[in-house]
Amino acid sequence: MLVKEWLRKLDFSFLRKRWFLITAGAVLGIFLIGLFLGLSVRGKMLDQAVVKVKKKLKEDYQLDLRIGSYDFAGLTTVEFQKVRVVPDSADQLAAMDKFKVSVKLFPLISGTIKLGSLEMENADITLVKEDSTSNYDFLFRKKAKDSTAVDTSSRTLAETVDRLIKQVFLKVPRDLNMTNVNLSYQDSSGTQMVRIPVGEIDNGDYDVDVFLNEQDAKWNFSGEVNPDKQTLSVKITSDNKDAELPFLRRKYGLQVSFDELAFHLDDVSRKGKDVLEVLGGWSTKNLKVYQRRLSGEQIVLPEGAALGGFQVSENTIQLIEGTKVQVKEFSFEPRLKYTRKPKKLLSMAVHTGKFKAQNFFDAIPKGLFDQLDGLQVEGDIQYDMDFEVDLDDPDQLKFSSKIDDAALKIVKWGKADIAALNQPFVYEAYDDTTKLRDIVVGPANPMFTPLDQVSSILKKTVLNTEDPFFYKHKGFELEAFQLSIVTNIKEKKFKRGASTISMQLVKNVYLNRNKTMMRKFEEILLVWLMEQSGQVSKDRLLEIYLNVIEWGKNVYGIAEASQYYFGKKPSEITIGESLFLSSIIPRPKTGLSSFDYTGQLKPWVMKHFNTYGYIMNKMRQLDNENVPANYGFYQVQLQPNLRPARPKGVVDTAASFDDLKDMAEEMDLEDQLRKSIRERLFGKEENKEEN
C-alpha cells in the first residue's frame, strides 16, 4: 500500500514537470516566433519611428531633425550618423557625427523604453542668443493642448513624483561613452564652452573630466549610478581655485565656485500607491556665492551638509523627521510640509533644543552678515518656531517664535559695536545709496537734542505711530510680524516690513543701503543681540532714533525737522505739529505734499490725526496736554517759504498723483496695523465704536 502511494505521487510529480516543460517550451516558441516576426519588420518600424519623431519635433517645437543615415547595429541598438537639429529661422542647435543608442529588451517588450547604453561622438550643442531671440526659444514655447493627452489631475502627489523619478532613471544608461562633446553658449558678450574630451559610465561607475573654455578651468565628476535601483552618487571637485561655474554670471548675475560638492540619492521607497520616501543628502567644501541681491559681499561657506529626505503622500510633501542640516559645529532639524488639498497649507517648524550660542555665530557664512564678524558670546540658547499659513486665506496665519536666551552673554561685539551707542558717535546720512553727510550724535553737534528736551507730546505721538509697545517688547512685535507676512503673501511680493523703532535704528546706524535679501536677517540678529544684552537703555535708543531718522529731503533729526517745517525747537512742538511729523516718518520726502498753498494741512491728513489722537486720548496720554479741537489739525502752519504756489483754477496740484497714490496705498496697509493695535489696547468693541 505504501509502495503504491509512493508510485502515485512520483507519477503525479513527473506529470507536473512534464506539463511545465511543455508550457515553457510553448512560451519560448511563441517568443521566438514573435522575435523572428519582429526582426523581419523592425526596419520598417524604425523608419516609421524616425518619421514620427521628425513630425513631432516640427509641429510642436519648429525643429528640423536631419539624419544622414541610420540602421540597426544589434538586436536593440540603433546607430545614427550625421545628426543635425536646426530650429526654424535660427542657428543650428546641435550636431553629432555619431549617435548610438540601445534599449533593454525585456522592458521594451512590456512597452517601457529603458536605455541600456549610449554613445556620442563629435557632438556640438550650441546655444545662441541674439538680442531678444535665441535658438532655444522652443524650450519656453507653450504647446497646443493635446485632446488625446492623458488626464493627470487624478494622480496623487506621490504618483506624480514617483513617475518623474522613474522617467529620469529610465533615461540614464548603465554604459555611456562620450568622445569630444561640447556645449557652448553665445551672446553679445562672448562665448563660453564646456568640453568633455572623453567621458564614460562603465556599468554604473563614472569618472569624467569637464573643461571650461579649453583650459580655463577643470572639474571632475565621479561616482556611480544604478538606474535599476534608482540610486545615485556624484562628487564634483575643482582643480582650479575659485573657478566659477559657467553661464550663471551672464544669465543671472550669479557667481558660484567650490572646492567640492557632493550629492547622493540613497533610496526611493514606495509604500503602496499613496506614500513615497526619498532619502539622500549633500555636502560642500569652500562654497562661494555672490549675487548682488543676496549680499553685498561674497558669501563663503567653508563646510556644510544635509542628510535626510522627504516623504510624499496623496496630497502632501514633507521633510522626513530627523532630516538634519549641519554647518561646522551647529546643526538643526527643520520641519517643512506642504499640503495641496483640501487647502494649500505651508507649515514650517524649528525646535533646536539647547545649543552653544557661539556655534551658531561661527556657522554663519563669511560675508553674509559682516556686522557680526568678530562677535564672541557665551552660554547656551534654545529657539522654537512654528509657522502655518493657508496660501489661499493668509489671514488665518499661525506664527509663534520664542527664544530662551537667559544664559547668553556678549563677551565681545563684532564690527557693529552696540555698546558704543552709549557714547557720542558719527552717523552717516544716506539718500538711498548716496552718502549726503556725517552727523555727530552727541553734544558736539548743536542740533543734537537730548531726550528730555523733546516735547512730551512729540515722544508720545511718535511712539504710538511707530512702535506703541517699544518700552515693553524686546525689539520685535509679533503681531506686526504676522500682519507683515499676511500682507506680503496677499500681494505676492515684499510689500511691507514689521519694523520696530529698534529695528529701524539698527538698519539706519549699522547696515549698508544695499537692498539685499540677507539685510533683513542681519537686522533681526543685531536687534536681538542689542535688546538681549541690555547694554543700551530704551531711553537712549529712542533719543538716538529721534536724532538720526529722516524727516524730509536732507532733513535729519528732530531739531532739523522742527526748525525746517515750523521754525521751532523740539521742546515747543504742539500736538498737531507732532501728529504731522509722525505721519511722514514712513514717507519723509513727501512731507511737503501734506500742505496746501495756504500752509494748512490737506483734508486727507485728518484720518491720521483722528486715529492716533483717539488712541492717545483713550490711553489718557493727553490728560496733561493742551489739546485743541481736532487734535490741533487746523493750528498746524507750514513756514511761508516752503509753501507751494497758489494753483491756477480750483484744483490743488501741490502733490503729484503718484505721491498721492503711493501714500494712499501705504495708509491702507497701515490701517490694518492700527486696527490690530487698537484691539489689543481697548478690545474689539471699543475698536468698533471708534470706527
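The first residue of the sequence shown is numbered 1, and numbering continues consecutively from there. Computed from a prediction, not measured in an experiment: that's the story for all the values here.
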Distance only, no hydrogens: is a donor on one side chain within 3.5 Å (strictly under) of an acceptor on the other, for [X] and [Y]?
{"X": "Asp539", "Y": "Ser537", "value": "no"}
{"X": "Ser499", "Y": "Lys520", "value": "yes"}
{"X": "Glu531", "Y": "Ser502", "value": "yes"}
{"X": "Gln504", "Y": "Asp467", "value": "no"}

Audit row: Ile403, Lys474, side-chain contact (heavy atoms from CB on, under 4.5 Å) steps and yes/no
CA-CA 11 Å; Ile403 187 165; Lys474 291 290 187 179; over 6 Å; no

Tell me, yes or no, whether the heavy-atom count around [X] atom [atom1], taken from other residues, nucleotides or ligands under 6.0 Å, exceeds 12.
{"X": "Asp452", "atom1": "CG", "value": "yes"}
{"X": "Arg643", "atom1": "CZ", "value": "yes"}
{"X": "Lys589", "atom1": "NZ", "value": "yes"}
{"X": "Lys337", "atom1": "NZ", "value": "no"}
{"X": "Arg437", "atom1": "CZ", "value": "yes"}

So which heavy atom on [X] is nearest to which on [Y], and how close?
{"X": "Trp551", "Y": "Tyr565", "result": "O-OH, 2.6 Å"}
{"X": "Gln358", "Y": "Leu375", "result": "NE2-O, 3.4 Å"}
{"X": "Glu550", "Y": "Asn554", "result": "OE2-N, 4.4 Å"}
{"X": "Tyr634", "Y": "Gln600", "result": "O-NE2, 3.8 Å"}
{"X": "Thr449", "Y": "Pro570", "result": "OG1-CG, 3.7 Å"}

Between [X] and [Y], is there a donor-acceptor pair closer than 3.5 Å when you use the side chain of the first and the backbone of the second?
{"X": "Asn422", "Y": "Gln535", "value": "yes"}
{"X": "Ser582", "Y": "Leu579", "value": "yes"}
{"X": "Gln639", "Y": "Tyr564", "value": "yes"}

Any pair with a residue in residues 572-584 that passes salt bridge (Lys or Arg N to Asp or Glu O under 4.0 Å), sequence neighbours left out, goes on the list, sorted by first then second residue, please.
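Matches after skipping sequence neighbours: Lys568-Glu577.
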
Any side-chain heavy-atom pair of [X] and [Y] under 4.5 Å:
{"X": "Asp417", "Y": "Phe425", "answer": "no"}
{"X": "Thr574", "Y": "Val636", "answer": "no"}
{"X": "Leu368", "Y": "Phe521", "answer": "no"}

Distance (rounded to the nearest 0.5 Å) between [X] [atom1] and [Y] [atom2]:
{"X": "Trp528", "Y": "Gln532", "atom1": "CH2", "atom2": "CD", "value": "7.0 Å"}
{"X": "Leu526", "Y": "Met530", "atom1": "CG", "atom2": "CE", "value": "8.5 Å"}
{"X": "Ile439", "Y": "Phe448", "atom1": "CD1", "atom2": "CZ", "value": "12.0 Å"}

Any salt bridge linking Glu543 with Arg540? Criterion: basic side-chain nitrogen under 4.0 Å from a carboxylate oxygen.
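Judged by the 4.0 Å cut-off on N to carboxylate O distance, Glu543 and Arg540 do form a salt bridge.
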
Does Glu428 come within less than 4.0 Å of Lys435, counting only side-chain N to carboxylate O?
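Looking at Glu428 and Lys435, the cut-off is met.
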
Intermediate values then yes/no, side-chain contact (heavy atoms from CB on, under 4.5 Å), Leu638 and Phe580:
CA-CA 11 Å; Leu638 181 66; Phe580 159 72; over 6 Å; no

Geometric class of the His473/Phe470 ring pair [parallel <30°, tilted 30-60°, perpendicular >60°]:
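Geometry flag for His473 against Phe470: perpendicular rings.
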
